[in-house]
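Proteins get letters first, then strands, A, B, ... in listed order; numbering begins at 1 in each. Only this structure's heavy atoms are used, side chains among them; waters, hydrogens and symmetry mates stay out.
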2 protein chains.
Amino acid sequence: MSTRTTVTPDAVRRAALELFAGKGYHGTALSEIAARLEIRTPSLYNHITSKQELLAHILLQTSTEVLDDFDHAVAGLDDVAERLGAAVRVYALRHATHRHEALVVNADVAALEEPVRSRVLELRRRHERGVRDLIIEGTANGDFDVEHPAVTSFGILEMCVAIARWFHEDGSLSAEDTAEAHAELALRMVAHRLSGDRPVSDPTDRELTAGKRTT
Amino acid sequence: MSTRTTVTPDAVRRAALELFAGKGYHGTALSEIAARLEIRTPSLYNHITSKQELLAHILLQTSTEVLDDFDHAVAGLDDVAERLGAAVRVYALRHATHRHEALVVNADVAALEEPVRSRVLELRRRHERGVRDLIIEGTANGDFDVEHPAVTSFGILEMCVAIARWFHEDGSLSAEDTAEAHAELALRMVAHRLSGDRPVSDPTDRELTAGKRTT
DNA sequence: CCTACCGATCGGTAGG
DNA sequence: CCTACCGATCGGTAGG
């Protein structure tokens, strides 16, 4: 049983990732990681320098990739709704395709030691700010109708994060469909409401681009 | 320094709650709980029977209250949008006013031992199902326009859960305003869209009641 | 990659 | 409420 390939630093990280995701950093013993690789605990130190380093690698890499994803997703897009849709799509997709990483990032930042912790938190803040600024921009130019941009951006981001908690690859929805569904939900959250119960104070230049169709 | 009141089982639970919320169940040592109460670790056992019991109490109580909240919130309301709004409002409010409980529930279910773990998960599933059924009902009778009820209900619920991660009592929004903002977001997520870019494949009986206006 | 072993700390008990 | 102490386990090192 078990594939029994040669142990590499990457294999250790993968084993750690799955265990951290399931039981948390503090809830996972190095002996369990070793057992999964069918080696003894001290042998892990041929591939890593500490347990903490395993955690740091996962969180730094993931946080960096999230920010890169965002930058690439919005690059070249003009319409702010398109940019928000693309940002949400790629963020949601990541949480469906990288469930374990996402779970660890969100459950175990507290277990990170400085200075890595601050770096990770800074990367996350940058991403949050990027999304929030899109919402602020769309609200300012009248494309969106949002009362609390910060609350709305947290709501959008966190429902995407939650995908990691319920998504299953064998479910009825593919990762891509799930991502698309979240982009749609996000655009609904910022869209103008039906029925004129919310008077559009500044309808300048906005014909009826309200649709999310992009071609 | 410190209030220095007599230690009670409830005081132990409160100290444990704050520490679990900040560092997780496995990341918190009983010695830290004792230190916060200015007693020695073994003295804790005059008030509790085990560390695990502390966790079980927090999670069971919170999960039970969430379900009670839901039942009371929707009771007596007729309109499905009103019921969904009320359910979201009360759930969001709890996550703003009981941040620590919410953080522990979501981070440390995995640390719960059986059979309590199964009971807690069952309570959570019941609540999820309650909200999802509202969305299904509203979609079926035409009040809502939702393509993926399960995804939508997870999205709504999880953005509320996330409140516990970012809400601060001294922020610009009160707990009540935050709850109201989330009810609004949830209703947007299920509402009919502006402009007919989504061809209504089955327009039976749904003329253009598209609005969510009731009565 | 291993055995042997380290000090520290864990949750918890004995016995006042 | 305490001191004294338990066995188990932790992350990690020595030295092949």
Nucleotide D:dT9, atom C1' - distance to CG of A:Leu30 in whole Å: 12 Å

Side-chain N,O (A:Ser31) to OP1/OP2 (D:dG11) below 4.0 Å: no

Whole-Å distance separating the CD atom of A:Glu113 from the C1' atom of D:dG11: 12 Å

Side chains of A:Thr28 and A:Glu32, donor plus acceptor under 3.5 Å: no

Atom pair distance, as rounded to whole Å: OH in B:Tyr45 and C1' in C:dA14: 14 Å

Within-4.5 Å side-chain heavy-atom neighbours: A:Val131 and A:Phe154: no

Minimum side-chain heavy-atom gap B:Leu55-B:Lys51 below 4.5 Å: no

OP1 or OP2 of D:dG11 under 4.0 Å from side-chain N/O of A:Thr41: no

Which residue lies more 5' along DNA chain C, comparing B:Thr49 with B:Asn46 via nearest heavy atoms: B:Thr49

Mutual orientation of the aromatic rings belonging to A:His182 and A:Trp166 [parallel < 30°, tilted 30-60°, perpendicular > 60°]: parallel

Nucleotide paired to D:dG7 in any strand shown, Watson-Crick or G-U, under 3.5 Å: C:dC10

For D:dG16, the Watson-Crick or wobble counterpart (both distances under 3.5 Å): C:dC1

Interatomic distance where CD1 belongs to A:Ile48 and P belongs to D:dT13 [whole Å]: 10 Å

Nearest-nucleotide pick for B:Ser50, side chain only, options being C:dG12, D:dG12, C:dC10: C:dG12

Integer-rounded Å distance: D:dC10 P and A:Tyr25 OH: 13 Å

Length of the CD-C1' vector between B:Glu38 and D:dC2, whole Å: 15 Å

Interatomic distance, A:Leu54 CG vs D:dG11 C1' [rounded to whole Å]: 12 Å

Charged N-O contact under 4.0 Å between A:Asp145 and B:Arg188: yes

Nucleotide nearest B:Pro42 when distance is taken to its side chain, options D:dT3, C:dC10, C:dC1: D:dT3

Rounded interatomic separation in angstrom, taking CD from B:Glu32 and C1' from C:dT9: 11 Å

Sugar-phosphate only, base, or nothing, as touched by B:His26 at under 4.0 Å among non-hydrogen atoms: nothing

Residue whose nearest DNA chain D nucleotide is more 5′ - B:Thr8 or A:Thr28: B:Thr8

D:dC1 OP1/OP2 closer than 4.0 Å to side-chain N/O of B:Arg40: no

